[in-house]
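In this chain, numbering begins with 1 at the start of the sequence shown.
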Amino acid sequence: MRLFFAILTAAFTFCLTFAHAEDLAAPSGEVILTISGNIAQTRPDGAAQFDMEMLQALPQRSFETSTIWTEGETSFVGVPLSVLLERIGAEGETIRATGINDYAVEIPVESISEQDPIVAYEMDGAAMSRRQKGPLWIVYPYDSDTKYQTEVIYSRSIWQLDRLEIVK
């Protein structure tokens with residue numbers, strides 16, 4: 001009987017492991033975002049990698065807002081950061097977000113709501129070039145609430161984002 005339960009447990013564990021490995025597809029295009037740290041979904045080498053198609057396949061959110069870096073009202077489309085963290089099974093208290101130029105900020109997980117911020121991949125109906133702060137930009141709906149109009153929030157609005165690390 002013990003052997004039966006040992007085999008059953010091993011088979012169940014294998015199925016769970018295999019199911020996790022199958023959950024996150026390998027990127028087929030250029031990798032634009034790598035997430036590492038305390039995450040359940042990893043591929044390859046302890047990190048989760050996303051191309052644009054993978055990000056666009058996740059639930060999205062869009063809004064219009066003014067920013068201190070653009071003129072007038074701008075529309076953004078992207079993945080809520082909370083959705084992205086849930087997708088990879090992130091567990092931790094702090095996210096280190098880093099841009100292509102190695103600028104880095106820390107974002108407390110407790111400050112992330114279900115909807116905001118988003119990891120924007122589209123601005124005014126088009127993909128963002130590096131010159132336009134893309135291809136990814138953490139954006140808040142600044143006009144929707146004064147809590148998003150602070151220096152702390154502005155500093156967390158990192159553009160040319162290419163890495164997230166769950167550090168704590």
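- More than 12 heavy atoms of other residues, nucleotides or ligands shown are found within 6.0 angstrom of CD on E73.
- In summary, the side chains of Y142 and S157 do present a donor paired with an acceptor at a separation below 3.5 Å, with no hydrogens or angles considered.
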Verdict with supporting geometry, L136 and L33, side-chain contact (heavy atoms from CB on, under 4.5 Å): CA-CA 8 Å; L136 302 175; L33 180 64; 3.7 Å; yes
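- Summarising the geometry of I158 relative to A104, their closest heavy-atom pair is CD1-CA, 4.5 Å, with the distance given to 0.1 Å.
- Looking at heavy atoms from C-beta onward, L161 lies out of side-chain contact with I32 at the 4.5 angstrom threshold.
- Annotation: the span from E165 atom CD to T98 atom OG1 amounts to 7.5 Å, rounded to 0.5 Å.
- Distance alone, capped at 3.5 Å, is enough to place a donor-acceptor pair between the R163 side chain and the G99 backbone.
- Shown here for P117 and I112, the closest heavy-atom pair between the two residues is CD-CG2, 4.1 Å.
- Residues T65 and D143 approach most closely at OG1-N, 2.9 Å, considering heavy atoms.
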Worked verdict on E93 versus V109 for side-chain contact (heavy atoms from CB on, under 4.5 Å): CA-CA 5 Å; E93 297 175 10; V109 170; 5.5 Å; no
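- By the neighbour-count criterion of 12 heavy atoms within 6.0 Å, atom CD of E106 is densely surrounded, having more than that number from other residues, nucleotides or ligands.
- Ion pairing between R130 and D162 fails under the 4.0 Å rule for side-chain N and carboxylate O.
- Across all non-hydrogen atoms, the minimal contact from G29 to D51 is N-OD2, 2.8 Å.
- With values rounded to the nearest 0.5 angstrom, F63 atom CZ is found 10.0 Å from S75 atom OG.
- By the criterion of side-chain heavy atoms lying less than 4.5 angstrom apart, applied directly or through intervening Ile, Leu, Val, Met, Phe, Trp or Tyr residues, I153 is grouped together with W69 in one hydrophobic cluster.
- Paired with M123 under the rule side chain to side chain contact (heavy atoms under 4.5 Å, CB included), one option of T67, V139, T74 passes, and it is T74.
- In this structure, the separation between CD on Q160 and CZ on R131 is 11.0 Å, given to the nearest 0.5 Å.
- I138 and I100 are members of different hydrophobic clusters when ILVMFWY side chains are connected at heavy-atom separations under 4.5 Å.
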side-chain contact (heavy atoms from CB on, under 4.5 Å) evaluation trace for I95 with L81: CA-CA 10 Å; I95 301 167; L81 185 54; 4.2 Å; yes
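- Applying the side-chain hydrogen bond (donor to acceptor under 3.5 Å, both in side chains) test to residues at least two apart or on different chains, the pairs with a partner in residues 145-155 are D116-Y148.
- Taking every heavy atom of both residues into account, R61 and P141 meet most closely at NH2-CG, 3.9 Å.
- Aromatic pair W159/Y103: ring centres not closer than 6.0 Å.
- Of the inter-residue distances, the one linking K133 atom NZ with M128 atom CE reads 10.5 Å to the nearest 0.5 angstrom.
- In this structure, L24 and R87 have side chains that are in contact, with non-hydrogen atoms separated by less than 4.5 Å.
- Once rounded to the nearest 0.5 Å, the distance linking CE of M52 with CD of E30 reads 9.0 Å.
- Atoms OG1 and CD1, on T94 and I107 in that order, are 10.0 Å from each other to the nearest 0.5 Å.
- Residues P108 and R156 are in side-chain contact: their nearest non-hydrogen atoms beyond the backbone lie under 4.5 Å apart.
- Counting all heavy atoms, side chain and backbone alike, S62 lies closest to V77 at CB-CG2, 3.7 Å.
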Full working for side-chain contact (heavy atoms from CB on, under 4.5 Å) between E91 and I166: CA-CA 7 Å; E91 290 192 24; I166 313 304; 6.0 Å; no
Evaluation steps, ring pair (Phe, Tyr, Trp, His ring centres under 6.0 Å), between Y121 and W137: CA-CA 7 Å; Y121 49 76; W137 183 3; over 10 Å; no
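- Applying the side chain to side chain contact (heavy atoms under 4.5 Å, CB included) test between F50 and each of V119, V79, T34, L84 identifies L84 as the sole match.
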